[in-house]
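Just so you know, residue 1 is the first one in the sequence shown, and it goes up from there. The figures that follow rest on heavy atoms only: side chains count, while hydrogens, waters and symmetry mates do not.
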Amino acid sequence: FDSFHGVMTDVEWKRIRGQVSEDLKLGTFRRHWSLKEAFVKARGDGLAFEPLHRAEFHFGEDTWAPEATVKLDGVALPGWKF
């Protein structure tokens with residue numbers, strides 16, 4: 001995960017690293033990465049959106065909840081649900 005340090009927020013890294021197994025850590029990382037990718041594509045920014053850690057995803061208490069919300073630069077975006 002070291003080469004991806006700048007793409008996740010501290011909150012997201014805490015959630016990823018807090019998983020009990022390497023498989024769950026990888027799955028959690030992939031979920032966050034996929035959400036970031038979907039978000040910047042939906043906005044029309046694509047790879048021009050930098051840095052990726054500006055977008056932070058939340059799942060409530062359950063990492064595997066079916067819905068996620070997003071904050072951009074620390075501000076919740078209520079119109080966006082994933």
Side-chain angles (χ1 to χ4, degrees):
F1 296 127
D2 290 340
S3 61
F4 291 95
H5 179 71
V7 301
M8 303 292 173
T9 67
D10 290 342
V11 169
E12 291 168 330
W13 279 123
K14 183 176 179 182
R15 185 173 292 254
I16 292 164
R17 291 191 171 114
Q19 299 302 309
V20 296
S21 71
E22 290 302 312
D23 285 343
L24 287 174
K25 287 177 185 177
L26 185 56
T28 304
F29 173 84
R30 286 179 176 159
R31 182 165 193 209
H32 280 281
W33 178 264
S34 296
L35 286 166
K36 287 176 186 279
E37 188 175 57
F39 178 67
V40 300
K41 285 180 180 178
R43 283 176 39 105
D45 297 314
L47 296 176
F49 184 90
E50 290 187 18
L52 280 176
H53 71 265
R54 291 178 53 211
E56 180 177 274
F57 289 87
H58 295 270
F59 310 99
E61 297 298 317
D62 180 5
T63 300
W64 304 107
E67 284 190 359
T69 58
V70 64
K71 289 183 179 180
L72 180 60
D73 297 325
V75 178
L77 301 179
W80 290 82
K81 297 223 187 244
F82 296 84

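In terms of modelled atom types and a separation under 3.5 Å, the side chain of Glu12 and the main chain of Phe57 share a donor-acceptor contact. Within the 3.5 Å criterion, the main-chain N or O of His5 finds a donor-acceptor partner in the side chain of Trp13.
Clustering of Ile, Leu, Val, Met, Phe, Trp and Tyr side chains at separations under 4.5 Å leaves Val11 isolated, with no partner residue.
Rounding to the nearest 0.5 angstrom, the gap separating the CZ atom in Phe39 from the CG atom in Asp45 is 7.5 Å. Rounded to the nearest 0.5 angstrom, Trp33 CH2 and Thr28 OG1 are separated by 15.5 Å. Taking CG from Leu72 and CD from Glu56, the interatomic distance works out to 10.5 Å, rounded to the nearest 0.5 Å. In this structure, CZ on Arg31 lies 7.0 Å from CH2 on Trp64, to the nearest 0.5 angstrom.
Under a cut-off of 6.0 angstrom, the local environment of CG in Asp10 is sparse, with at most 12 non-hydrogen atoms contributed by other residues, nucleotides or ligands. For Arg17, the CZ atom counts as densely surrounded, since its 6.0 Å shell holds more than 12 non-hydrogen atoms of other residues, nucleotides or ligands.
Between Ile16 and His32, the closest heavy-atom pair is CG1-CD2, 4.1 Å. Smallest separation of non-hydrogen atoms from Val70 and Ala55: CG2-CB, 4.3 Å. Residues Met8 and Lys36 come closest through the heavy atom pair SD-CE, 3.4 Å.
Residues Thr63 and Arg15 have side chains that bring a donor and an acceptor to within less than 3.5 angstrom of each other.
Follow the hydrophobic side-chain contacts under 4.5 Å out from Leu35 and you never reach Leu24; the two are in separate clusters.
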Acceptor/donor pairs from residues 46-54 side chains to any protein atom, 3.5 angstrom cut, sequence neighbours excluded:
unit_1	atom_1	unit_2	atom_2	d
His53	ND1	Gly6	O	2.9
Arg54	NE	Asp73	OD1	2.9
Arg54	NE	Asp73	OD2	3.3
Arg54	NH2	Asp73	OD2	2.9

